[in-house]
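Presented below is the structure to which this report refers.
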Amino acid sequence: MSVELLFLLIFVFILLIIQIIFLSFMLLAFENPIYSIFTLVLVFFAVSFLLMELNLFFLSLMILIVYLGALIVLFLFVVMMLNIKALELNRSINFFPSIFIGISSFFLLLINDNFQFFGNAGFTLHFFTFTLFNTWSALYFHFASFLNIGFLLYSFGFYILILVSLILLVAMLGAIVLTLNIFRNSNRQTSNDQILQFTKIELINFIK
Amino acid sequence: MTYFDFVFVFMLLVNFLVFLIALGGLFGTRRNLIIIFICIEMVLLSSFLNFTYITIYIDDLYGIVFSLVILGLAAAESSIGLALLVANYRHKAIVSVDLFSTLKS
């Protein structure tokens, strides 16, 4: 690894750290919870890029899959379902979109073709397109971390895997039990009324 | 103290700063439940990053396994918490924590 590449790597590293700290401050500053959820998305993106610089590809991809694919979607779904925005105060100056655009443009800079911040074995972010690997040895070298983690999880650390799966099973059953509609006096979704509401309007339009 | 040690300590301090920010969000003036869940996610994220850096520092793969445990735990925690929020929101349309004290005698 040359000295210039090392400096570039450290520069991107420090930029990502500054971004994480700044965004975690901004996350608390927003009045509307949906803005803070979107800033949480940016924090997780920054963390996944940080781990990708440390050659921990498995963890960075797991953050992208589990946090951004499952947890953030869950948060957004709950915020959408509960209509919380009506309870929040309105802020006069809305500076959220400028922050979002600026930081997403930083990520666009990272996925540039000539931006080569992984020094060893000529590795660039062409990784996402799988066009760079001409030899199998290079491919094995870059997927060795995946292999080692899989070996450790399924041979020596199997009890940890079983424990985590039991925790997730209990969480799933608990969520189902908590949100099941048993009580009569709770506000529930009555699909008959919703369908009738639209059919009345359609009938009125049809008669007109 | 080598260069690598310096970077390691710096990263641990950064994680501690993220942890402190998340704690400030937890015990701050905000009383919205969703913000509190997001702050718990940030706390778990800082511990996750601590485990990964210590993995790199002492060159042992078990830290990655424990960070995967933290990842599963965060998923379980947020699913249970959001289910509680939805179950509470059904009975009374409130997200604020101050008005949740119905179990008090």
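Per chain, numbering begins at 1; letters A, B, ... match sequence-line order.
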Give the member of [options] that has the highest number of heavy-atom pairs under 4.5 Å with chain B.
options	value
A:Leu163, A:Ile37, A:Ile20	A:Ile37
A:Ile176, A:Leu168, A:Ile167	A:Leu168
A:Leu169, A:Leu161, A:Ile17, A:Val170	A:Ile17

What's the spacing between [X] [atom1] and [Y] [atom2] if we round to 0.5 Å?
X	Y	atom1	atom2	result
A:Phe44	B:Glu41	CZ	CD	5.5 Å
B:Ile35	A:Phe30	CD1	CZ	10.5 Å
B:Ile38	A:Thr39	CD1	OG1	7.0 Å
A:Met172	B:Ile80	CE	CD1	11.0 Å
B:Met42	A:Leu28	CE	CG	7.5 Å

Toward chain A, the part of [X] with a non-hydrogen atom under 4.5 Å:
X	result
B:Leu17	side chain
B:Leu61	both
B:Phe10	side chain
B:Ser67	side chain

Quiz item: Run the side-chain contact (heavy atoms from CB on, under 4.5 Å) check on B:Leu82 and A:Met81 step by step: do they pass?
Solution: CA-CA 11 Å; B:Leu82 289 173; A:Met81 199 166 69; over 6 Å; no
Quiz item: Parallel under 30°, tilted from 30 to 60°, perpendicular over 60°: which one fits the rings of A:Phe75 and B:Phe37?
Solution: tilted
Practice problem: Give a yes or no on whether B:Tyr62 atom OH has more than 12 heavy-atom contacts from other residues, nucleotides or ligands under 6.0 Å away. | Solution: yes
Quiz prompt | Over all atoms of both residues, closest heavy-atom pair of A:Ala175 and B:Ala83 | solution = CA-CB, 3.8 Å
Quiz item: Stepwise, does the side-chain contact (heavy atoms from CB on, under 4.5 Å) test hold for B:Leu68 with A:Leu59?
Solution: CA-CA 8 Å; B:Leu68 288 176; A:Leu59 284 185; 3.9 Å; yes
Exercise. Please tell me if the side chains of A:Ser36 and B:Ile34 come closer than 4.5 Å, counting only heavy atoms from C-beta onward.
Key: no
Practice problem: Identify the residue among A:Leu56, A:Leu152, A:Leu153 that makes a side-chain contact (heavy atoms from CB on, under 4.5 Å) with B:Ile64. | Solution: A:Leu56
